[in-house]
Amino acid sequence: MAAKFQGVDFYDVDGLLSEEERAVRDTVRSWVDERLMPIIGEHYVEGRFPKQLIPQMAELGLFGANLPEEYGCAGLNNVAYGLIMQELERGDSGVRSFASVQGALVMYPIYAFGSDEQKRRWLPKMVSGEVIGCFGLTEPDYGSNPGGMITVAKETKDGWVLNGAKMWITNGSTAQAAIVWAKTGKLDDVNSIRGFIVPTDMKGFSAKDQKGKLSLRASDTSELVLEDVCVPKDALLPKSSGLKSPLMCLTQARYGIAWGAVGAAMACYDEAVSYAKNRLMFGRPIGGFQLQQARLAEMLTEITKAQLLCLQLGRLKDQGKATPQQVSLAKRNNVNIATDVARETRRLLGANGILAEYQAMRHLANLESVYTYEGTHDVHTLILGQEITGLSAFN
Ligand code: TGC
Ligand code: FAD
């Protein structure tokens, strides 16, 4: 079994953090060690999200932590928020996903596109975990290309009628409220996309969990079906306007994922170092062999680069200067290196590396989802390609 997490900080990144940022990180780090680590392996094997942790996460202020205090949120800066995501994903990508969907994909659109009444009605209940939300953008035939969506919202004299299906929706079966993106005009009009807050107990709304997942097992992922779901006029997020609105939410979530992936990589590296020092083969620790040392050196190098990337991105975001393309670069790089670190750790651990008792295989399997969701690695490559050349691969 892995020893207690020691932290990974080769370049004294800690020294670049404020006292408050370190305090937030240390609080979440202790919570992950004490409450999440002892149970996550079992939940993963059983394919269950640890729902019993929701009130504790709310108590710690982990939901929408970078949103303003006037709605009960923690009002933290983006670096402190990122450090929360890092520590949660050090535990498990599914638990980080739960918090990032709630904060970046559900509370953020209500905050950014909602009316004052909607913000006052929903945000405090979401901070406290009383209401869990999900974010329905992806459809069975429209994943990387959400602009093609065929879910529609038709205006009536009393409100809106929604029809369509959403696929791969995190927290879909747990949620009391779904942010649903739908076209309010012709199917070829991406500018008619609007966001709706849909209570999941509405007639015509159903959520069915996806079975047989070999990745992100400690997370609920569902298909949502909307059949003539009638919502009142005030379900519409009034300031949502076109495809740009859901894509703005993705930028918030991708930012958190960039940090989260570093957490998963740190967990694996820590496990690899500890195992390499303790596992004896040919009469000495395997960490004494050059091959394993090269593995560890590569891991530490990539983690250190990813930590510095996140910190500078967070500082830019706090200054209002971070661009979606900079977020894409960090999501793309950090998830990629974290997947490599997890794979190399699994291999370094030999047969033990396939057990749920250790972390590497669980992180590796999780990171395959993280590589795909919130824009696949390929999509982020093309976003960067467009930024570099000015030529879009999509349109
Ligand atoms: P395109 O013409 O490029 O853009 C339309 C408008 O949106 C603006 N925009 C963005 N704004 C903010 N943030 C971003 N990331 C933005 N990307 C684009 C853009 O400037 C434009 O604005 P305007 O003013 O000109 O109208 O749109 P496109 O249809 O060509 O699509 C581009 C593409 C492929 C990059 C986009 O569709 C994309 O990102 N696809 C990936 C889909 C995706 O990431 N889905 C994620 C679903 S949610 C999820 O996976 C949750 S996982 C759980 C968890 O987070 O833990
Ligand atoms: P596709 O778009 O079909 O892609 C298939 C392959 O084609 C990929 O390799 C892709 O990179 C490649 N490809 C696509 N377009 C191009 C191109 N132009 N050029 C080159 N290659 C291309 N969505 C939500 O809305 N809400 C959620 O909460 C949510 N949670 C998720 C949780 C999990 C566990 C997973 C796995 C997914 C989740 N998603 C969610 C969906 C996720 O965002 C999509 O899976 C993702 O955007 C990719 O879409 P797709 O799976 O349809 O793949």
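What you see is a predicted model; the values in this text were computed from it and never measured. All ligand and atom numbering here is 1-based and tracks the order in the structure.
- At least one heavy atom of Ser369 sits under 4.0 Å from some atom of ligand 2.
- Annotation for ligand 2: atoms under 4.0 Å from non-hydrogen atoms of Glu374 are 43 (O).
- Looking at Asp33 and Arg90, a side-chain N of the basic residue comes within less than 4.0 Å of a carboxylate O on the acidic one, giving a salt bridge.
- Within ligand 2, the atoms closer than 4.0 Å to a non-hydrogen atom of Thr138 are 23 (N), 24 (C), 25 (O), 40 (C), 41 (C), 42 (C), 43 (O), numbered from 1 in the order shown.
- Ligand 2 lies out of reach of Val379, whose nearest heavy atom is not under 4.0 Å from it.
- Ring planes of Tyr371 and His377: parallel class, angle under 30° (limits at 30 and 60°).
- There is a protein heavy atom closer than 4.0 angstrom to atom 9 (O) of ligand 2.
- Figure legend: cation-pi geometry between Arg29 and Phe5 absent, as NZ or CZ is not positioned both under 6.0 Å from the six-membered ring centre and within 45° of its axis.
- Note: Tyr81 and Tyr255 have parallel aromatic rings, judged against thresholds of 30 and 60 degrees for the angle between ring planes.
- Checked for salt-bridge contact, Arg22 and Glu19 miss the test: no charged N lies under 4.0 Å from a carboxylate O.
- Looking at Tyr373 and Thr170, their side chains never bring a donor and an acceptor atom within 3.5 Å of each other.
- Considering backbone and side-chain atoms alike, Asp378 places an N or O below 3.5 Å from some N or O of ligand 2.
- When heavy-atom distances to ligand 2 are checked against a 4.0 Å cut-off, Leu216 comes that close only through its side chain, counted from C-beta outward.
- Applying the ring pair (Phe, Tyr, Trp, His ring centres under 6.0 Å) rule to Trp168 yields no partners; only residues at least two apart in sequence or on another chain are considered.
- Using a 4.0 Å threshold on non-hydrogen atoms, atom 19 (N) of ligand 2 counts as touching the protein.
- Side-chain contact, Ser328 with Arg332: no donor N or O sits under 3.5 Å from an acceptor N or O.
- For ligand 2, the atoms sitting less than 4.0 Å from at least one non-hydrogen atom of Thr376 are 10 (C), 11 (O), 48 (C), numbered in the order shown with element in parentheses.
- Residue contact check: Phe135 has heavy atoms under 4.0 Å from atoms 24 (C), 25 (O), 26 (N), 27 (C), 28 (O) of ligand 2.
- Ligand 2 has an N or O atom lying under 3.5 Å from an N or O atom of Ser144, backbone or side chain.
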Could you pull out all donor-acceptor pairs under 3.5 Å where a side-chain atom in residues 279-294 meets a protein atom, sequence neighbours excluded?
residue : atom : partner : partner atom : Å
Gln292  : OE1  : Arg295  : NH1          : 3.1
Gln293  : NE2  : Gly287  : O            : 3.0

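- Near Leu137, meaning under 4.0 Å from any of its heavy atoms, are these atoms of ligand 2: 25 (O).
- Counting only heavy atoms from C-beta outward, the side chains of Gln386 and Phe394 approach each other to under 4.5 Å.
- Gln307 places a side-chain N or O within donor-acceptor distance of the main-chain N or O of Val8, the cut-off being under 3.5 Å.
- The protein atom (non-hydrogen) at minimum distance from atom 51 (O) of ligand 2 is Thr372 CG2, 4.4 Å.
- For atom 14 (C) of ligand 2, the nearest protein heavy atom lies closer than 4.0 Å.
- Within a 4.0 Å radius of atom 5 (C) of ligand 2, the protein contributes no heavy atom.
- At least one protein heavy atom sits closer than 4.0 Å to atom 31 (C) of ligand 2.
- Residue nearest to atom 52 (O) of ligand 2, selected from Gly385, Gly143, Gly94: Gly143 (by heavy-atom distance).
- The ligand atoms of ligand 2 that sit less than 4.0 angstrom from a heavy atom of Tyr373 are 31 (C), 32 (C), 33 (C), 35 (C), 37 (C), 38 (C), 42 (C), 43 (O).
- Under 4.0 Å from ligand 2, heavy atoms of Ile169 appear from its side chain as well as its backbone.
- In the model, Ser369 has a side-chain atom that pairs as donor or acceptor with a side-chain atom of Ser215 under 3.5 Å.
- For the residue pair Glu155 and Thr184, no side-chain donor N or O sits within less than 3.5 Å of a side-chain acceptor on the partner.
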Distances only, to 0.1 Å: what are the N or O pairs between ligand 1 and the protein that fall under 3.5 Å?
residue  : atom   : partner : partner atom : Å
ligand 1 : 13 (N) : Leu247  : O            : 3.2
ligand 1 : 13 (N) : Thr251  : OG1          : 2.7
ligand 1 : 15 (N) : Thr251  : OG1          : 2.9
ligand 1 : 30 (O) : Asn395  : ND2          : 3.1
ligand 1 : 39 (O) : Arg254  : NH2          : 3.0
ligand 1 : 40 (N) : Ser144  : O            : 2.9
ligand 1 : 44 (O) : Arg254  : NH2          : 2.8
ligand 1 : 44 (O) : Gly375  : N            : 2.7
ligand 1 : 50 (O) : Glu374  : N            : 3.0
ligand 1 : 55 (O) : Glu374  : OE2          : 2.9
ligand 1 : 56 (O) : Arg96   : NH1          : 3.0
ligand 1 : 56 (O) : Ser97   : OG           : 2.6
ligand 1 : 56 (O) : Tyr373  : OH           : 3.3

Compile the donor-acceptor pairs under 3.5 Å between side chains in residues 223-234 and protein atoms, sequence neighbours left out, one pair per line.
residue : atom : partner : partner atom : Å
Asp228  : OD1  : Asn163  : ND2          : 2.9
Lys233  : NZ   : Thr156  : O            : 3.3
Lys233  : NZ   : Lys157  : O            : 3.4

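- Of all atoms in ligand 2, numbered sequentially from 1 with element shown, those under 4.0 Å from a heavy atom of Leu382 are 17 (C), 18 (N), 19 (N).
- In terms of protein heavy-atom proximity, atom 38 (C) of ligand 2 is nearest to Trp168 O, 3.2 Å.
- A salt bridge is defined here as a Lys NZ or Arg NE, NH1 or NH2 lying under 4.0 Å from an Asp or Glu carboxylate O, and Arg343 with Glu298 fails to meet this definition.
- For Lys51 and Thr174, the side-chain atoms include no donor-acceptor pair closer than 3.5 Å.
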